[in-house]
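Letters A, B, ... mirror the listed sequences (proteins, then strands); counts begin at 1. What you are looking at is a predicted structure, and each value in this text was computed from that prediction instead of being measured.
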Amino acid sequence: MAPYFALVDVNNFYVSCERVFNPRLEGVPVVVLSNNDGCVVARSNEAKALGIPMGAPWFQLRDLARRHRVRTLSSNYELYGDMSARVVAILRDFAPDIEVYSIDESFLDVAPVQARHGGGTALGQALRRRIRQWTGLPVCVGLAPTKTLAKLANHLAKRHPEFDGVCDWGALSAQEQSAWMGRVGVGEIWGVGRRLTGQLQALGMRSVRDLCLAGRAFLQARFSVVLARVADELRGTSCLDLEAMAEPRQQIIVSRSFGRPVTALAELQEALAMHAARAAEKLRAQRSVAALVLVSLHARPFRTGERFERAFALPEPTDDTRLLTGAVLAGAGRLFRAGCAYRKAGLLLSGLSARDLCQQDLFDRGAGARERAARLMAVMDRINRTYGPDTLRSAASGLERPWHMRSGHRSPRYTTCWEELPVVS
DNA sequence: TCTGGGGTCCTAGGACCC
DNA sequence: TCTGGGGTCCTAGGACCC
């Protein structure tokens with residue numbers, strides 16, 4: 001059976017999560033800021049109507065926000081991650097074939113189940129009701145025979161009230177499909193970013209329909225196979241499969257900006273030790289080992305500050321927090337320059353491979369030590385999972401952490417922390 | 001003064017192989 | 001005067017996504 005894709009997407013996800021637990025945020029402009037309260041990463045519809053752009057640096061908007069009494073929140077990723085997991089659990093109930101595409105979006109193959117619900121639109125409405133009732137979150141649903149069309153249908157469902165939150169592309173007549181494609185700008189297409197939008201418009205292709213009408217050979221020669229595939233998908237030929245099995249990551253990045261400029265090597269190393277521990281946890285979670293670590297330091301100021309980075313090969317592929325930390329601290333020592341003010345530090349693990357397939361040294365005598373290390377790491381992970389992140393950590397990652405990011409307006413972790421449960425009085 | 005943190009894929013070009 | 005024809009692998013950079 002050919003797949004039929006449903007894209008389920010939570011409206012203004014971070015803002016909606018906050019509103020579930022704080023109804024006073026309903027009906028008023030709300031923004032959620034990135035880590036370090038740096039820039040805007042989520043906006044309520046009211047905030048969008050004020051012209052607050054996505055990704056805008058917050059300090060530039062502070063006056064505007066004050067004038068319009070915009071409610072401002074720091075990111076609360078523990079809350080958002082937990083709410084996301086709840087939504088995914090509900091979706092799995094509806095259709096077992098699901099690709100979790102991002103924290104607030106999933107693709108489902110509804111071909112085997114939609115008849116049971118009375119068609120795509122009815123299925124979409126059932127999903128909306130269930131998610132609203134069980135989590136409090138509003139979602140929109142787009143359904144279509146290709147992923148790119150499902151994204152387009154979702155876009156329509158979100159912006160045009162006549163769809164009531166669900167757009168089944170396949171249920172539209174050919175004339176309706178063509179008319180909608182003529183109304184939506186080429187830049188709204190999934191896979192067409194700012195750059196391509198400009199280039200396509202320069203060639204006179206302004207709407208989705210214009211891109212659809214362009215020849216495949218032309219698009220591939222003038223742009224790339226990627227854009228040619230996008231056009232194929234818009235014409236109804238499915239090129240992108242549902243990726244239900246999450247492949248292990250090919251690289252793992254952990255980096256954070258500092259809450260204030262950092263000039264001391266010791267502080268830089270504390271932060272990097274903390275990042276190394278996080279990266280090692282991610283590595284172990286996907287049962288991989290890393291062969292290479294890249295350490296990067298970003299100097300201030302934002303625009304003109306230099307970036308220093310260097311890759312270091314690990315003695316052998318590893319997932320051991322202690323070995324990674326050692327490598328990263330040594331790397332930081334070599335990159336560090338006295339007198340330089342840093343705003344951000346991070347690391348990237350690459351050369352990842354499956355832990356169980358890892359090639360060992362021919363003269364290796366360390367099997368016993370590796371076995372003990374693996375058990376130690378497993379215990380550490382278990383304790384941190386049970387009692388909270390960082391319950392057990394390396395001393396290298398610091399106690400006070402004065403460089404830690406700003407997060408001045410974070411809401412309580414309502415669903416993941418006993419001390420912060422919501423109270424009804 | 002003040003600007004996030006992750007990821008993916010594709011392409012071109014260079015090094016190297018026979 | 002005149003210098004082949006295939007390949008693979010790796011990396012950097014650029015585009016995109018949320």
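The shortest distance between the side-chain N/O atoms of A:R229 and the OP1/OP2 oxygens of B:dC10 is below 4.0 Å.
Between A:R209 and A:S178 the shortest side-chain heavy-atom distance falls below 4.5 Å. Contact of the A:T325 side chain with the A:V328 side chain is not registered, since no non-hydrogen atoms from C-beta on lie closer than 4.5 Å.
Using a 4.0 Å heavy-atom cutoff across all strands shown, A:Q251 reaches at least one base atom of the nucleic acid. If you check every strand for non-hydrogen atoms under 4.0 Å, A:N36 touches nothing.
Just one residue in the list A:L50, A:I52, A:T72 forms a side chain to side chain contact (heavy atoms under 4.5 Å, CB included) with A:L61, and that residue is A:I52.
When each of B:dG5, C:dC16, B:dG7 is scored by its nearest atom to the side-chain atoms of A:I252, the top-ranked nucleotide is B:dG7. Out of B:dT8, B:dG4, B:dG5, the shortest distance to the side chain of A:V41 is found at B:dG4. Side-chain proximity of A:V225 to B:dG7, B:dT11, B:dG6: nearest is B:dT11.
Paired runs in DNA chain B that reach 3 or more consecutive Watson-Crick or G-U pairs, where each pair keeps both distances under 3.5 Å, cover B:5-18 with C:5-18.
Aromatic pair A:W180/A:H160: centroids less than 6.0 angstrom apart.
Annotation: cation-pi pair A:K147/A:F107 present, NZ/CZ under 6.0 Å from the ring centroid and within 45° of its normal.
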